[in-house]
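Lettering follows sequence order; numbering is per chain, from 1.
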Number of protein chains: 2
Amino acid sequence: MSIIVNNIPLTGTRADSVFDQIRTAIVRGDLAPGSKINEPQLSKHFGISRGPLREAIRRLEGCKLVEITPNVGARVVSLDARQAVEIYEIREVLEGLACGLAAQQATAQDCEQLRALLAKHEREIESEDGKVYYQKEGDLDFHYLIVALSGNARLFKLLCDELYHLLRLYRVQTSSQPSRPAQAFREHHRIVDAIEDGDAELADLLMRRHIASAKATLMQQIDEASAE
Amino acid sequence: MSIIVNNIPLTGTRADSVFDQIRTAIVRGDLAPGSKINEPQLSKHFGISRGPLREAIRRLEGCKLVEITPNVGARVVSLDARQAVEIYEIREVLEGLACGLAAQQATAQDCEQLRALLAKHEREIESEDGKVYYQKEGDLDFHYLIVALSGNARLFKLLCDELYHLLRLYRVQTSSQPSRPAQAFREHHRIVDAIEDGDAELADLLMRRHIASAKATLMQQIDEASAE
DNA sequence: ATCAAGATTATTGTCTACAATGTGCAGGCG
DNA sequence: CGCCTGCACATTGTAGACAATAATCTTGAT
């Protein structure tokens, strides 16, 4: 008899389930960055023993979401601005690559899907105060889809299973809300244009610029913070 | 009282030690790609219980060196040519980034170190049949140093703790020996030239080309193999 | 003879208990 | 008064035993 959550049967082990739950808790900010992970306490909270919990923690270490010190324990990672910039530098080139590959391989149907996604975002922006919503969820959708279209499975895992979680953690940690949604929306359209044209070089360039903008915004915030 | 091996005190836990040993065994080919990891057997071999061993395996999963199927077990990853190309695509842009950053930040002393490394490689090539040696060890040294000079710690970890191990695994798996050492040597020199000039854009470009050449060689081998 | 169903074995998943290490506090000494 | 020492506690690391699941083998029927 397997447990059912959200109509999805949990096929995995307890360790897998707890891994997911802790990861979500971390990226949502429920577990404060830098806070210590207490094994007896957490195992009691999830109703499992320390064995599977420790396995889950090791997997979280693989995702770079916790840092383990031997004989001391694990702590939730705390990203400073410098590290966030490092991640943006990496993301910039990786998503540029993904976008270029997507431009080479995307079918007409794929492009349609991209357009549909942008249209959906536009409706959301125009209706309710979608500005917050857009960059928070919609932006991610867009980037996910492009990376998926790249056809490079390892690239997808690297970006979607690791880097995006880390960036989300940073945003929650710093309570930074995404800015410039209107401009981002225009940039997204141009990126899709390039993909439709099969212009890999341009798609690469535009995506890099798109992310470089976000990086620049971040670095600007850092400068302002350090100025005062 | 801590155990001493090779004059280096083993500060970590048994799980850490076993993690290192298994990782080495995998990338050296001692554990065949695709082979199943038997927990009772391995734990007996290392003289530890299954608990720490399982933690080590979870960490190996984080490095992408093993794949775990719930209730079935872990297997050493087996990379096919397509996956190797995916890794090269990623490596290409990441090392391009690293090289560009290195060009921006390298001091005169850093450049000296790079030159010294190349000189050492040259001696090794000229003396014994260094052609094999060069690309096998020396090439890695060169790339390690450049990535270190980038100043991006996360990039260093990503490349040196993950991707390089995977590529080494692939080389062992396919028994592919590195080719074109002389050309690679020239390319290395030009890359250092660009770094010395602080020309980030050129350094980025040259490093990308350098790795793209290796990628092309790989893809050519794939084509030849599929042609017959 | 082949396939399927059941039983058996092996392996993974989990739990509990114990050992080893780190942490914090109290008391004594300079 | 401050600092060091040593004990007590908490937490992490490890081991072994048990439960659950998958893999294998046997057996029987068609």
Side-chain angles (χ1 to χ4, degrees), chain A residues 1-5 8-23 25-26 31-63 65-78, chain B residues 1-5 8-23 25-26 31-63 65-78:
Chain A
M1 170 73 184
S2 60
I3 307 167
I4 307 282
V5 173
I8 299 164
L10 288 185
T11 167
T13 66
R14 283 172 235 263
D16 292 335
S17 165
V18 166
F19 165 76
D20 270 334
Q21 292 182 59
I22 298 180
R23 183 174 63 173
I26 290 177
L31 262 63
S35 64
K36 188 161 176 359
I37 288 182
N38 187 306
E39 291 182 7
Q41 175 189 325
L42 259 188
S43 65
K44 210 162 110 182
H45 176 262
F46 287 113
I48 62 171
S49 78
R50 284 176 48 222
L53 175 64
R54 283 171 65 86
E55 291 178 16
I57 293 173
R58 265 56 188 179
R59 291 187 54 193
L60 289 169
E61 187 196 21
C63 303
L65 286 174
V66 305
E67 285 171 349
I68 299 177
T69 311
N71 291 317
V72 174
R75 307 192 83 90
V76 179
V77 294
S78 179
Chain B
M1 173 73 183
S2 59
I3 308 166
I4 306 282
V5 174
I8 299 164
L10 289 185
T11 166
T13 66
R14 282 171 232 266
D16 292 335
S17 165
V18 166
F19 164 77
D20 270 334
Q21 292 181 61
I22 299 179
R23 182 174 64 175
I26 291 177
L31 263 64
S35 65
K36 188 160 174 1
I37 288 181
N38 186 306
E39 291 182 7
Q41 176 190 324
L42 259 188
S43 65
K44 210 164 110 181
H45 177 261
F46 287 113
I48 62 171
S49 76
R50 282 178 51 223
L53 175 65
R54 284 171 66 86
E55 292 177 16
I57 293 173
R58 264 58 189 177
R59 291 187 54 193
L60 289 169
E61 186 196 20
C63 303
L65 287 174
V66 305
E67 285 171 350
I68 299 176
T69 311
N71 291 318
V72 174
R75 306 191 84 89
V76 179
V77 294
S78 179

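Checking C:dT23, D:dG13, C:dT11 against every side-chain atom of A:Val72, the shortest atom distance belongs to C:dT23. Residue A:Arg14 places its side chain closer to C:dC15 than to any other of C:dC15, D:dT14, C:dT12.
Looking at A:Asp16, its side chain does come within 3.5 Å of a backbone N or O of A:Thr13 through a donor-acceptor pair. Side-chain atoms of A:Ser35 do not come within 3.5 Å of backbone N or O of A:Leu31 as any donor-acceptor pair.
Contact between A:Ala56 and A:Val18 at its shortest, heavy atoms only, is CB-CG1, 4.2 Å.
Atom P of nucleotide D:dA22 and atom CD1 of B:Ile37 are separated by 19 Å, given to the nearest angstrom. Look at CZ on B:Arg75: it is 13 Å from P on C:dT11, rounded to the nearest Å. In this structure, NZ of A:Lys44 is placed 14 Å from C1' of D:dA10, rounded to the nearest angstrom. Distance B:Glu39 CD to C:dG13 P: 6 Å, rounded to the nearest Å.
Between A:Asp16 and A:Pro70, the residue whose closest nucleotide on DNA chain C is further toward the 5' end is A:Asp16.
Across all strands shown, B:Leu42 has no heavy atoms under 4.0 Å from either base or sugar-phosphate atoms.
For B:Asn71, no side-chain nitrogen or oxygen approaches OP1 or OP2 of C:dT11 to under 4.0 Å. Residue A:Lys36 places no side-chain N or O under 4.0 Å from the OP1 or OP2 atom of C:dG22.
From B:Arg54, atom CZ reaches atom CZ of A:Arg54 across 12.5 Å, with rounding to the nearest 0.5 Å. Interatomic distance, B:Ile68 CD1 to B:Arg58 CZ, rounded to the nearest 0.5 Å: 4.0 Å.
Across residues 49-59 of chain B, B:Arg50, B:Arg54, B:Arg58 each have a non-hydrogen atom less than 4.0 Å from an atom of DNA chain C (numbered order).
Other residues, nucleotides and ligands contribute at most 12 non-hydrogen atoms within 6.0 Å of the NZ atom of A:Lys44.
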